[in-house]
K.L.:
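One structure, as structure tokens, below. Some questions next.
As the structure lists them, so they are numbered: ligands from 1, and atoms in each ligand from 1. On a predicted model such as this, the values are computed, not experimentally measured, just so you know.
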Amino acid sequence: MKTQGIPRLVVLGFICVLVWTLSGCAPDPPGRSGRGARGAGSGSDVTDAALATYVPPGDLDEYYLFYSGGHSGQIFVSGIPSMRHIATIPVFTPYPGTGYGFDDETREMLGGYTWGDSHHPGFSETNGEYDGRWLFINDNANGRMARIDLRDFKTKQILKIPHISANHGSSFVTPNSEYVTMSTRMSVPFPEGTYADVTEYGTKYKGIVAGIAIDPDDGNMTLAWEILAPPFNYDLGDAGKGPSDGFMFWTCYNSEREFIEGGKLEVTASQKDKDYILAIDWRAAEKAVADGKAKMIGGAPVLDPLDAPGIAYFMPLAKSPHGVDVSSDGQWIIGSGKLSPTTTVYNIDKIKKAIADEDFEETIDGIPVLTYTSVREAEVPVGLGPLHTQFDGRGYAYTSLFVESAVAKWKLPPYDDPSNMEQYVVDKIPVAYNIGHLVSAEGDSMSPDGNYLVALNKLSKGRHISVGPSIPESAQLIDISGDKMKLLYDAFTEPEPHYSVTIKADKINAIEVYPKEESDNPNAIWTAEEARVERRGNTVEVWMLAVRSFFAPDVLRVNKGDTVIVHVTNIEQTRDELHGFAINDYNINVVIDPGETKTVTFKADKSGVFAFYCTNFCSALHQEMQGYFLVKD
Ligand code: RUQ
Ligand code: CUA
């Protein structure tokens with residue numbers, strides 16, 4: 001924790017009083033049972049927990065926590081250890097709070113969609129470490145990938161690619177940000193737009209996995225390759241690193257490759273004993289594209305493993321798998337099957353050897369299946385319903401157990417006594433309730449910090465004051481610095497985080513204003529003299545300036561039916577001096593940060609007189625920051 005101002009002793013003294021109050025020496029405040037305040041069921045010492053999470057006024061958190069927002073389409077930002085919500089970054093859904101989706105640029109980026117389903121955020125990396133430049137996030141609903149610039153916490157690009165149906169196994173970034181990945185969760189007929197009945201599922205439907213290349217200078221994303229895969233459901237993934245660098249891994253279920261109408265996929269997809277992990281050698285895929293082995297289909301370079309051997313392999317895994325995670329050192333690939341009480345550890349050396357030896361069980365649609373017993377290192381009896389695994393950088397892994405509502409801590413290989421694997425599961429902590437993902441501090445990097453773990457619970461029954469049937473999502477902060485895990489804090493968010501990622505606060509260097517010198521917007525104006533209105537036929541174009549506490553011009557006169565283009569520049573160069581530009585009854589609400597220029601184009605389709613005003617509080621005279629939009633019939 002960085003202390004700013006308040007002397008540490010005063011703070012500790014205050015916490016002691018607070019803790020003493022909460023721990024029962026004083027009566028509980030009215031209306032509270034006191035049960036929650038004591039951290040019922042946590043098994044943690046409440047004093048320690050309070051000291052570990054209390055960030056006094058003026059102090060700053062140690063880490064950023066970026067939660068995916070699920071079907072809200074957004075990203076939520078909190079701090080660790082306070083778990084306080086700090087910001088919302090709109091990605092796939094308009095957000096009037098920052099004017100996102102109202103100006104021309106962001107509206108165009110949204111591409112006509114008003115929502116997305118954001119699941120797995122992933123940081124850009126340099127040499128396997130988070131570099132604090134960009135954050136990527138997938139849209140599970142509409143085959144898209146977004147890039148957020150961590151310099152200003154804004155979504156800068158949304159890329160839609162063809163053929164991917166339900167992009168769930170995403171966004172996993174390779175160690176030097178060569179690629180961020182996408183994959184098909186719900187196979188559909190290939191190519192996109194083809195009609196074929198579900199009775200032809202096994203033959204006409206296809207899965208796709210894709211590599212999106214990231215420009216190392218500006219982060220711009222372009223589709224590099226797609227690989228055809230059998231119609232399984234490609235679920236979660238992870239990128240290799242260190243010895244496994246060059247591989248991408250995805251779990252897949254429904255290797256039965258059928259969709260039986262009325263047959264309930266939950267039943268039909270669990271018939272076989274084993275499903276698979278798909279391993280892609282992305283350097284081989286790159287080479288196959290360079291060698292001309294890809295076919296351009298619907299604008300995508302598509303590789304078929306039948307024509308490009310050596311790009312894809314399957315590894316058998318306990319049935320209906322969900323998570324696959326590569327250990328921090330890149331040696332172990334950990335796959336977890338929801339219906340098996342064990343997690344399977346694969347050894348990358350054995351995988352490479354099986355590939356070199358062509359040690360295959362069979363081949364599916366041109367993709368060899370590596371012999372299970374040749375690539376497996378161990379099966380670890382972690383507990384019921386294992387989903388996802390994180391690491392502490394000290395040789396331990398942490399696996400979420402959905403059915404047990406717990407986190408298991410277990411030792412990574414090597415094992416001196418494989419006849420008794422139970423001994424390597426060294427600790428377990430209950431969580432409330434039904435955990436999905438979990439994330440440790442810098443947990444996907446090559447050097448996790450090993451201090452904090454956040455359990456992302458799927459359900460949050462009753463550990464908060466009631467807000468009706470649509471209850472918040474819950475997360476719990478756990479201390480993993482010692483031998484035993486300790487529960488520290490319950491936190492709540494809006495629907496619906498799936499995964500989240502954490503990064504040291506000092507790795508992010510966000511700007512506070514857009515420097516005037518850097519403005520390259522041709523429509524920016526910096527003086528009231530440049531403010532003007534120009535008419536060309538039925539188009540009225542306005543260059544407007546916003547500054548405390550007026551707009552120039554502040555009266556806009558147009559005719560009904562005109563196309564109106566307004567460029568607004570906020571010329572402030574002071575932190576937190578944002579201005580808004582909203583026109584009443586025209587559904588327009590643009591928010592302009594200091595030094596920013598935004599453009600909004602619309603049709604003046606209603607006649608009358610409409611006030612426009614600044615929506616973002618900017619000064620004592622904020623209320624006076626207004627003007628009129630006059631539309632003559
Ligand atoms: S999934 S609860 Cu969308 Cu990441 Cu595993
Ligand atoms: Cu400008 Cu309020």
K.L.:
What protein heavy atom lies closest to atom 3 (Cu) of ligand 1? Include the residue and the distance to one decimal.
P.N.:
H168 NE2, 2.2 Å
K.L.:
Between T174 and Y179, is there a donor-acceptor pair closer than 3.5 Å when you use the side chain of the first and the backbone of the second?
P.N.:
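Yes.
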K.L.:
Specify the closest pair of heavy atoms between S118 and G69, including all atoms of both residues, with the distance to one decimal.
P.N.:
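Heavy-atom minimum between the residues: OG-N, 3.0 Å.
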K.L.:
Taking 4.0 angstrom as the limit and counting only heavy atoms of H498, give me the atoms of ligand 1 inside it, by number and element.
P.N.:
3 (Cu)
K.L.:
Which heavy atom in G116 sits nearest to a heavy atom in T93, and how many Å separate them?
P.N.:
N-OG1, 4.0 Å
K.L.:
Which atom, counting only N, O or S, brings H437 closest to atom 4 (Cu) of ligand 1?
P.N.:
NE2
K.L.:
Counting backbone and side chain alike, does H579 bring an N/O/S atom below 2.8 Å of atom 1 (Cu) of ligand 2?
P.N.:
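True for H579.
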K.L.:
Quick one: does Y396's side chain get under 4.5 Å of D427's, heavy atoms only?
P.N.:
no
K.L.:
Please assess H579 against N616 for the test side chain to side chain contact (heavy atoms under 4.5 Å, CB included), listing each intermediate value before the final yes or no.
P.N.:
CA-CA 5 Å; H579 296 291; N616 209 101; 5.7 Å; no
K.L.:
Indicate if the distance from atom 5 (Cu) of ligand 1 to the nearest N, O or S atom of H388 falls below 2.8 Å.
P.N.:
yes
K.L.:
May I ask you to list the atoms of ligand 1 that are less than 4.0 angstrom from any heavy atom of H120?
P.N.:
1 (S), 3 (Cu), 4 (Cu)
K.L.:
Does the side chain of Y130 reach to within under 4.5 Å of the side chain of E125, using non-hydrogen atoms?
P.N.:
yes
K.L.:
Can you name the atoms of ligand 1, numbered from 1 with element, that are less than 4.0 Å from a heavy atom of G436?
P.N.:
2 (S)
K.L.:
Taking the inter-plane angle between the rings of F602 and F629 on a 0 to 90° scale, is it parallel (under 30°), tilted (30 to 60°) or perpendicular (over 60°)?
P.N.:
perpendicular
K.L.:
In ligand 1, which numbered atoms sit nearer than 4.0 Å to a non-hydrogen atom of L236?
P.N.:
1 (S), 4 (Cu)
K.L.:
Show me which atoms of ligand 1 lie under 4.0 Å from any heavy atom of H322.
P.N.:
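Taking each heavy atom of H322 in turn, ligand 1 has 1 (S), 2 (S), 5 (Cu) under 4.0 Å.
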K.L.:
Suppose I only count heavy atoms of K458 and a 4.0 Å limit; which atoms of ligand 1 are within that range?
P.N.:
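Those atoms are 2 (S).
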K.L.:
Closest approach of L384 and E404, non-hydrogen atoms and distance?
P.N.:
N-OE2, 2.8 Å
K.L.:
Is the distance from atom 1 (Cu) of ligand 2 to some N, O or S atom of M625 under 2.8 Å?
P.N.:
yes
K.L.:
Relative to the heavy atoms of H119, which atoms of ligand 1 are at a distance of less than 4.0 Å?
P.N.:
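Once the distances to H119 are compared, the set is 3 (Cu).
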